[in-house]
**Q** 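Let me begin by handing over the structure; questions about it come next.
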Amino acid sequence: MNLRKLVLVGNGMAGVRCIEEILKLAPNRFEIAIFGSEPHPNYNRILLSSVLAGDADIRDIVLNDWNWYEQNGIKLHTGQTVTKIDTEKHLVYTDGGIVESYDDLILATGSLPFMLSLPGADKEGVIAFRDIKDCETMIEASRKYKKAIVIGGGLLGLEAARGLLNLSMEVSVVHIFDNLMERQLDPVASKMLQRELEAQGMRFLMEKHSEEILGDRRVTGLRFKDGTVEEADLIIMAVGIKPNVALAKENGIEVNRGIVVNDFLETSVPNVYAVGECAEHRGMVYGLVAPLFEQGQVLAKRICKRETDPYEGSIVYTKLKVSGVDVFSAGEFMDSPDTRAIRVHDEFAGIYKKILVRDNKVVGAVLFGDTSDSTRILQMMKNETNVMEIKRVSVLENPDSAGVSGMAAVAAMSDEEIICGCNGVSKGTIVQAIQEKGLCSVEDIKGCTGASRSCGGCKQLVAQVLESVLGDKAQIAAQKEPICSCTSLSREEVLAEIKEKHLTTVKEVMYVLGWNQEEGCSKCRPALNYYLNMLWPEEHEDERASRFVNERLHANIQKDGTYSVVPRMYGGVTSPSELKRIAEVAEKYQVPMVKVTGGQRIDLLGVKKEDLPKIWAELDMPSGFAYGKALRTVKTCVGSDFCRFGTQNSIQMGIDIEKKFERINTPAKFKMAVSGCPRNCAESGIKDLGVVGIDGGWEIYVGGNGGVHLRAGDLLCKVKTEEEVMEWTGAFMQYYRENANYGERTSYWVERVGLANIQKVLEDPETRRQLNERIDVALSVLKDPWKEIVQNEEVRAVYEELPVLA
Ligand SMILES: Cc1cc2nc3c(=O)[nH]c(=O)nc-3n(C[C@H](O)[C@H](O)[C@H](O)COP(=O)(O)OP(=O)(O)OC[C@H]3O[C@@H](n4cnc5c(N)ncnc54)[C@H](O)[C@@H]3O)c2cc1C
Ligand SMILES: NC(=O)c1ccc[n+]([C@@H]2O[C@H](COP(=O)([O-])OP(=O)(O)OC[C@H]3O[C@@H](n4cnc5c(N)ncnc54)[C@H](O)[C@@H]3O)[C@@H](O)[C@H]2O)c1
Ligand code: SF4
Ligand code: FES
């Protein structure tokens, strides 16, 4: 049988997804060729926000790797832009000189970012946020520059701003209206969002009209119509997108705002179809993946000559992907004369929920602070549920979930309810796949049903469905997330294999366990190095090359390529002679800034790499490990020796803890504090482990965090003596070292595992003894890295050869 020739223009999310559907329906019907302007295989554009925020690596966001094209017999032309279509002869031409014939042609050219045509918009440092290249440019710029402006307070602008904050830039968001995300939120939710983001460190310049981008070659600032100027080294334009229609338009295919398609995604020219952000259907152009995937399903059936319902449009809904902020918006969101609203606004809890009802049906919703109702509300919108048949207040309080856990609420969901909005996967489909195919991890479910494959916002729900089906077995299943895309093995499996096969180097682990990338990636290499150090403290030789640059160089790299030096000062206590040495070093090496840190240490900022060993030698103080995934500082208050409120000697307790546990590697940075009484001047409540003096003893709090994931610590235990503080501290640290994922702060780990479970383990004195025994072994082999480099010529020679950047 002669295969039909199918050509896809646009190797993006919508086009390739449609091809996947076609391959499912008719794997042998087409000879497929795909053209993409970008040099990459198909990747998850949505997760560029996560890459920028440091939560994912570019490699993690590939949806279909090079092998996938090969395995499916698809001819992939990356870096090739189709510039001409001969619709008579059925040929496409690329800028690289390739000509390909087609029987069926799908246009999935996506969108182009809208760039404001301001004077100076062509300067270096003015970019959009649309593709991998933009993402890389921003990450690179953050290493050299300090101030960023994001123009546009929509979804993209706010996600970009959050990412840039994570990259330690100062970020101002310039918005043209007085309400952020005015296309998705009403003014109440919008203001709540602004307050929350301000608390995270974002600055907002509202109702500002940009007039000119300043600077010579590179941008230095932005001038507004009111004459004011904001400085910037980087400007991101996130002011919307426009469908990429030039190719269609120039080749006689009907175009309006987008490429005009009918209910079967057919354009005005026979055998030419359009799908995705470039397509205009019934006057609507969509900019979110769920509708694009729905279009793709209809188109796949049409092209495969299968019967299909027409595509009749989609309900649009969004969630902002900024950690610490829960925002959901669906359908209509502004009150109007013909809608009535059901509202809940809890100003204490920072929760706002509104649904809009017309003709007794939900036509839209805005949720802020708690979006757990979102799937159910969306389902009501899709099913056109009559709200008059329900007790109305219960619309915003799931009767099934009131007072019960999220897991129980998921168990009570009907099979039709959609779990993954992006990919339209229902609970029933997931349950069936788990039962029939024996799936036991979120990753398996993703591979089999597509759920959680796009924005990832439904991962928790998918895990809960898994748990509701598998019960106890899900505990193991929940942990079956692969540690990165180089392997399908979870952390637990990798650790078990390391122990069983006695693997002792990162390379050996990757080789024996069949890593699909010989060199691993930036996610697995440091993680494996940590796990090996933790499992074989006496045997495993730390593999510096697998560590992040700061840990390799024992100093934090700064934006301008210089380093910071933070010597250890136990409990935040120093002496005149130490201060003198610090002052002398700072003067001699012309250290541009000497600063007291939030952890009560002294930071010498702006040191050149070549000066580091000399400074360490002259300071003659141990490393403060301010750069590592390790115990950082133990902050102390003045305590009972000097403070009139003090009930306990917090300074001595802090010094003792720091002296005992200094240098210990932990899955993520580990901060501690000791306060002499419940007034808590050392802020023990927001530390990974915080100790608070009380009458006749001490309280130990764990899982606190004063950063992005602001969280008050949970009370782990109350003890009477200093020895017990030390014993519980050692046991908790070692239990965390052995059980948390690499990179997971205690604030997330304690939430994930549950305080009660941790307490259950640590309450047993024998378990505490064993954990302390193991942490003591790990501590016994640690040396001060600065001293080693200063005193050992061989180590210094290796150090001096280290490249400056990662
Ligand atoms: C940072 C970011 C975060 C996002 N977050 C979300 C989210 O949370 N949820 C959500 O639903 N959506 C989100 N989106 C939107 C979502 O990514 C898009 O809706 C989706 O990627 C559009 O898919 P598409 O295939 O239509 O277009 P694209 O993904 O833009 O793909 C089109 C491809 O075609 C190529 N191309 C164009 N013209 C040609 C040509 N002539 N020849 C060859 N190749 C060509 C382009 O280079 C591009 O690679 C986000 C977008 C961004 C940028
Ligand atoms: N979480 C998500 O679902 C998500 C995340 C990122 C991007 N996206 C999608 O990507 C696309 C692009 O996102 P976007 O936020 O750029 O588009 P958008 O159109 O949703 O928002 C653009 C924002 O820029 C503002 N604006 C316009 N001109 C301006 C000016 N001159 N000065 C200041 N502000 C100005 C607008 O008022 C608007 O709020 C959209 O389709 C969006 O849905 C979605
Ligand atoms: S926490 Fe208590 S002991 Fe410590 S400084 Fe504050 S008031 Fe004094
Ligand atoms: S809701 Fe986006 S991937 Fe499931």
Side-chain angles (χ1 to χ4, degrees), residues 44-49 110-118 128-130 149-160 173-185 190 205-211 222 224-225 236-243 277 285-293 316-322 327-329 374-375 378 418-425 445-446 449-462 636-651 673-684 692-694:
N44 190 338
R45 198 172 298 285
I46 297 178
L47 293 188
L48 287 178
S49 303
S111 294
L112 296 172
F114 188 78
M115 298 300 277
L116 298 173
S117 57
L118 303 174
F129 182 22
R130 180 72 194 174
I149 288 181
V150 176
I151 309 182
L155 288 158
L156 185 66
L158 297 178
E159 290 182 12
V173 176
V174 172
H175 194 54
I176 202 159
F177 296 110
D178 61 347
N179 287 313
L180 297 173
M181 276 176 63
E182 80 289 347
R183 294 178 185 192
Q184 291 88 12
L185 300 181
S190 185
L205 302 172
M206 306 297 280
E207 294 182 85
K208 283 281 195 184
H209 295 254
S210 305
E211 191 171 57
L222 178 62
F224 302 104
K225 285 216 168 99
I236 315 300
M237 288 209 197
V239 292
I241 49 175
K242 51 182 184 202
E277 283 188 349
V285 174
Y286 296 95
L288 295 161
V289 293
L292 313 184
F293 292 166
V316 183
Y317 55 93
T318 48
K319 269 188 185 173
L320 181 69
K321 304 192 297 300
V322 167
V327 190
F328 170 82
S329 163
S374 57
T375 21
L378 205 54
I418 295 292
I419 296 288
C420 172
C422 289
N423 296 284
V425 187
I445 295 171
K446 177 158 113 182
T449 65
S452 80
R453 193 174 174 221
S454 306
C455 73
C458 57
K459 254 189 185 163
Q460 201 184 347
L461 267 182
V462 175
T636 63
C637 75
V638 281
S640 58
D641 268 6
F642 295 95
C643 175
R644 62 203 168 94
F645 299 111
T647 54
Q648 301 291 354
N649 187 346
S650 49
I651 295 185
V674 184
S675 299
C677 83
R679 284 178 181 76
N680 217 339
C681 296
E683 297 159 347
S684 304
V692 178
I694 50 172

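Everything numeric here is computed off the predicted structure, so don't read it as measured data. If you read the sequence from its start, that first residue is 1, and numbering goes on from there. When a ligand or atom number is given, it counts from 1 through the structure's own listing order.
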**Q** Please list, in number order, the atoms of ligand 4 under 4.0 Å from a heavy atom of Gly456.
**A** 2 (Fe), 3 (S)
**Q** Around atom 18 (P) of ligand 2, find the nearest protein heavy atom and jot down its residue, atom name and distance.
**A** Arg183 NH1, 3.9 Å
**Q** Can you list the atoms of ligand 4 that are under 4.0 Å from a heavy atom of Cys458?
**A** 1 (S), 3 (S), 4 (Fe)
**Q** Which atoms of ligand 4 have any heavy atom of Cys455 under 4.0 Å away?
**A**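 Per the distance check, 1 (S), 2 (Fe), 3 (S).
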**Q** Over all heavy atoms of both residues, which pair between Ala238 and Val150 is shortest? Give the atoms and the distance, please.
**A** CB-CG1, 4.4 Å
**Q** Starting from atom 17 (O) of ligand 2, what is the nearest protein heavy atom, named by residue and atom, and what distance separates them?
**A** Gly240 CA, 3.4 Å
**Q** May I have the step-by-step check of side-chain contact (heavy atoms from CB on, under 4.5 Å) for Leu222 and Leu118, ending in yes or no?
**A** CA-CA 10 Å; Leu222 178 62; Leu118 303 174; 4.3 Å; yes
**Q** Between CG of Asp178 and CD of Glu207, what distance do you get to the nearest 0.5 Å?
**A** 4.5 Å
**Q** Ile46 vs Lys321, test: side-chain contact (heavy atoms from CB on, under 4.5 Å). Steps then yes/no.
**A** CA-CA 9 Å; Ile46 297 178; Lys321 304 192 297 300; 3.5 Å; yes
**Q** Looking at every non-hydrogen atom in both residues, tell me the closest pair between Gln648 and Gly693 and how far apart they are.
**A** CG-CA, 3.5 Å
**Q** For atom 15 (O) of ligand 2, grab the closest protein heavy atom and report residue, atom and distance to one decimal in Å.
**A**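 Its nearest protein heavy-atom neighbour is Leu156 N, 3.0 Å.
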**Q** Just how far is it from atom CG of Leu158 to atom OG of Ser49, taken to the nearest 0.5 Å?
**A** 10.5 Å
**Q** Using a strict cut-off of 4.0 Å, indicate which atoms of ligand 2 neighbour a heavy atom of Lys319.
**A** 1 (N), 2 (C), 3 (O)
**Q** Please identify which atoms of ligand 2 are closer than 4.0 Å to at least one heavy atom of Val174.
**A** 33 (C), 34 (N)
**Q** Is a donor from one side chain sitting under 3.5 angstrom from an acceptor on the other, for Ser329 and Gln184?
**A**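 No donor-acceptor contact under 3.5 Å links the two side chains.
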**Q** Main chain of Ser374, side chain of Tyr317: is a donor-acceptor contact present, judged purely on distance under 3.5 Å?
**A**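 Not confirmed, Tyr317 side chain does not pair with Ser374 backbone.
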**Q** Specify the protein heavy atom at minimum distance from atom 36 (C) of ligand 2: its residue, its atom name, and the distance to 0.1 Å.
**A** Glu182 OE2, 3.5 Å
**Q** Please classify the Cys422 to ligand 4 contact at 4.0 Å (heavy-atom distances, strictly less than): side chain, backbone, both or neither.
**A**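 Both backbone and side chain of Cys422 come within 4.0 Å of ligand 4.
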**Q** Among all protein heavy atoms, pick out the one at the shortest distance from atom 21 (O) of ligand 2; state its residue, atom name and that distance to 0.1 Å.
**A**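 Heavy-atom neighbour on the protein nearest atom 21 (O) of ligand 2: Gly154 CA, 3.8 Å.
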**Q** Could you list the atoms of ligand 4 found under 4.0 angstrom from a heavy atom of Ser454?
**A**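 Taking each heavy atom of Ser454 in turn, ligand 4 has 3 (S) under 4.0 Å.
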**Q** If you leave out waters, which protein N, O or S atoms are less than 2.8 Å from atom 2 (Fe) of ligand 3?
**A**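 Atoms qualifying: Cys677 SG.
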**Q** Would you mind finding which of Leu155, Ile176, Leu185, Val289 brings a heavy atom closest to atom 44 (C) of ligand 2?
**A** Leu155
**Q** Is there a side-chain contact (heavy atoms from CB on, under 4.5 Å) between Thr375 and Leu461 once you walk through the steps?
**A** CA-CA 10 Å; Thr375 21; Leu461 267 182; 3.9 Å; yes
**Q** Distance under 4.0 Å to a non-hydrogen atom of Phe177: what atoms of ligand 2 satisfy this?
**A** 37 (O)
**Q** With a 4.5 Å heavy-atom cut-off, do Phe114 and Leu116 have their side chains touching?
**A**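 Phe114 reaches Leu116 side chain to side chain.
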**Q** Step by step, would you call Arg130 with Ile241 a side-chain contact (heavy atoms from CB on, under 4.5 Å)?
**A** CA-CA 9 Å; Arg130 180 72 194 174; Ile241 49 175; 4.0 Å; yes
**Q** Can an N or O of Thr318 be found at a distance shorter than 3.5 Å from an N or O of ligand 2?
**A**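 No, there is no polar N/O contact under 3.5 Å.
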**Q** Ligand 2 versus Ile241, non-hydrogen atoms closer than 4.0 Å: side chain, backbone, both, neither?
**A** side chain
**Q** Distance to 0.1 Å, residue and atom name: give those for the protein heavy atom nearest to atom 42 (C) of ligand 2.
**A**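 Nearest protein contact, heavy atoms only, for atom 42 (C) of ligand 2 is Gly287 O, 3.9 Å.
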**Q** What part of Phe114, side chain from CB on, backbone N/CA/C/O, both or neither, has a heavy atom under 4.0 Å from ligand 2?
**A** neither
**Q** Gly421: heavy atom below 4.0 Å from ligand 4, yes or no?
**A** yes
**Q** Go through ligand 4 atom by atom and flag the ones less than 4.0 Å from a non-hydrogen atom of Ser452.
**A** 3 (S), 4 (Fe)
**Q** Which protein non-hydrogen atom lies closest to atom 29 (C) of ligand 2, naming both residue and atom, and how far is it?
**A** Val239 CG1, 3.4 Å
**Q** Quick check: closest heavy atoms across Leu47 and Cys455, and the distance to 0.1 Å?
**A**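 Taking Leu47 first and Cys455 second, the nearest heavy atoms are CD2-O, 3.8 Å.
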**Q** Considering non-hydrogen atoms only, spot the tightest contact between Ser684 and Ser675 and give its length.
**A** OG-OG, 2.9 Å
**Q** If I take atom CG from residue Leu156 and atom CZ from residue Phe129, how far apart are they, to the nearest 0.5 angstrom?
**A** 6.0 Å
**Q** Please report the interatomic distance CD1(Ile419) to OG1(Thr449), rounded to the nearest 0.5 Å.
**A**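 Going from CD1 on Ile419 over to OG1 on Thr449, the span is 10.5 Å.
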**Q** Take every heavy atom of Ala238, measure it against each atom of ligand 2, and state whether any distance is under 4.0 Å.
**A**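 Yes, that is the case, since the closest heavy atom of the residue is under 4.0 Å from the ligand.
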**Q** Atom CD1 of Ile151 and atom CG of Leu205: how far apart are they, to the nearest 0.5 Å?
**A** 10.5 Å
**Q** Taking only heavy atoms of Glu159 into account, list the atoms of ligand 2 that are under 4.0 Å away from them.
**A** 1 (N), 2 (C), 5 (C), 6 (C)
**Q** Tell me: protein heavy atom nearest atom 3 (O) of ligand 2, and distance?
**A**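 Residue, atom and distance for the closest contact: Leu288 CD2, 3.3 Å.
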**Q** Check Thr647 against Gly676 and note the closest heavy-atom contact, atom names and distance.
**A**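 Between these two residues, the closest heavy atoms are OG1-O, 2.9 Å.
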**Q** Using a 4.0 Å cut-off to any heavy atom of Ile151, which atoms of ligand 2 qualify?
**A**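 This gives 32 (N), 33 (C) as the contact atoms.
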**Q** For ligand 2, which atoms have a heavy atom of Leu116 less than 4.0 angstrom away?
**A** 31 (N)
**Q** Which heavy-atom pair separates Gly450 from Asn423 by the least distance, and what is that distance?
**A** O-ND2, 3.1 Å
**Q** What is the distance from atom NZ of Lys319 to atom CG of Leu288, rounded to the nearest 0.5 Å?
**A**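 Reported to 0.5 Å precision, the distance equals 13.0 Å.
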